[in-house]
Protein chains: 2
Amino acid sequence: MPKDTFLNLPKEKQERIIDAAIDEFATHSFHQARVTAIAEQAEIAVGSFYQYFEDKMDLFKYLMEAVVQKKISYINRDTMENKGKYPFFQLLREAFSSGIRFAKENPRLLPIGLMLMKDKALYREIFGEHVDKGIDFFRQMLEEAKAQGEIDPAIDPRLAAHMIAGMTFSLSDFVYADGKVDQDDMAIIDQMLYIVENGLKKK
Amino acid sequence: MPKDTFLNLPKEKQERIIDAAIDEFATHSFHQARVTAIAEQAEIAVGSFYQYFEDKMDLFKYLMEAVVQKKISYINRDTMENKGKYPFFQLLREAFSSGIRFAKENPRLLPIGLMLMKDKALYREIFGEHVDKGIDFFRQMLEEAKAQGEIDPAIDPRLAAHMIAGMTFSLSDFVYADGKVDQDDMAIIDQMLYIVENGLKKK
DNA sequence: GGCGAATATGAATTCATGTTCACATGAAGC
DNA sequence: GCTTCATGTGAACATGAATTCATATTCGCC
């Protein structure tokens, strides 16, 4: 949590610092990111940085929590609250589509999120022991869908959950690497879902 | 490339060093891995390390090249040489199955490979500019399969290639995380392929 | 056994970076 | 204008790790 000194800062200055941090963490891993670089780009003294945050990790956690909040804000509230009412593949579509909207509108946050997801030790340090929230989320959805007879009973929900979680990465990587956000996004999602759906659906 | 001094070492000592390196790189990223720790575990002086290798990267590249060779050795030679003759989904099965056999028989190499694949900057430094060899490989296979009418013409081979490459990760992660190599491996692969096949196949 | 070259050694050096701290600045109240 | 207090500053310090280097040891050969 940043110190009060930071929170008391004029919004403009706060933003300059956050922006600098995003730039640094988007292009370097947590360990390789330099406090000095952030201070330089934000045009503050290094000493000031430590008036605002306990240390580098303090800033990073703050950033990540903000990113998670932002990410969550992209999920349709109704879908969230009435999960039980919708068919599995529709929920999945919503999950993918909110993900791609987030990626499209926050291109600089995407690589930071990807890096974090790929560094399990770091992830654990920030969000605690339970490393695979995403996989758990999909697994649970899959188990319910299986109970509802929506998907092929032969499917192992754990394996499928891993696959789907992996796919959200592929999607992010695809979007990020090729910058293919300009082509019809929903077409990409639908193609992916089409593949997944044909694979999982009860025949 | 290690120096001659290393190559002249008795096999036993070479192995001690390589083993120590594998342990270190399996539990730490390249940047976090410590030369000192490797030297300690191998019971050589830090100075000796630099008699054997130019620097940390030199050792790491050497290791990675060995890993790639080993990985390749798991691919069925006949499949490699007569790629054109086999149907796409059979090739895919072979690719997955060689991957899982490799993972099973080299559990300590798996996390190193995973880490490398996830760190694109590092990957580039070791294998050169062309970061996505795996994706390219699948894309090419998919394009040929599409031309042969094996897969749904609506599929974008680039997207599907990303998905399949991502899936090989999911598979590795799954195998690595849960240590689920004891359950019937081919059953896992077949389930994954079943999903993929139903998703991609020409209807 | 004596000799030189190759190899082994780990303390010392270098370097990069996070963090601290003594001092500077400026705004608010008197 | 003076005092106080919060905030700003960047040089100095602490740390940790890669790399070097002067010295010791080993090994093959005569």
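Each chain gets a letter, A, B and so on, in the order its sequence line appears, and its residues count up from 1.
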Does B/Asp190 pair with B/Arg93 as a salt bridge, N-O distance under 4.0 Å?
yes
Ion pair B/Glu65/B/Lys61, N-O distance below 4.0 Å
no
Contacts to DNA chain D from residues 7-25 of chain A, heavy-atom cutoff under 4.0 Å, which residues?
A/Asn8, A/Leu9, A/Lys13
Using whole Å, report how far NZ of A/Lys3 lies from P of D/dA6.
14 Å
So, B/Asp23 versus B/Gln41: side-chain donor-acceptor pair below 3.5 Å or not?
yes
Would you check if there is a donor-acceptor pair between the side chains of B/Asp78 and B/Asn82 at a distance under 3.5 Å?
yes
Heavy-atom check, side chain of B/Met117 versus side chain of B/Leu114, under 4.5 Å
no
Does B/Gly47 or B/Thr5 map to a spot on DNA chain C nearer the 5' end, using the closest nucleotide for each?
B/Thr5
Presence of salt bridge, B/Asp19 and B/Arg16, under 4.0 angstrom
no
A/Tyr86 and A/Glu94 side chains, donor-acceptor separation under 3.5 Å:
no
Which residues within residues 48-58 of chain A lie with some heavy atom under 4.0 Å of an atom in DNA chain D?
A/Ser48, A/Gln51, A/Tyr52
How long is the straight-line distance from NZ of A/Lys56 back to CZ of A/Phe49, given to the nearest 0.5 Å?
9.0 Å
Between C1' of C/dA8 and CG of B/Asp4, the distance in whole Å:
17 Å
DNA chain D-proximal residues of residues 27-42 of chain A, any heavy atom under 4.0 Å
none
Taking NZ, NE, NH1 and NH2 as the nitrogens, is one of them in B/Arg77 or B/Glu81 under 4.0 Å from a carboxylate oxygen of the other?
yes
Within a strict 4.5 Å, meaning less than it, do heavy atoms of the B/Met64 and B/Ile112 side chains meet?
yes
Output the rounded distance in Å from CD1 (B/Ile44) to C1' (D/dT26).
17 Å
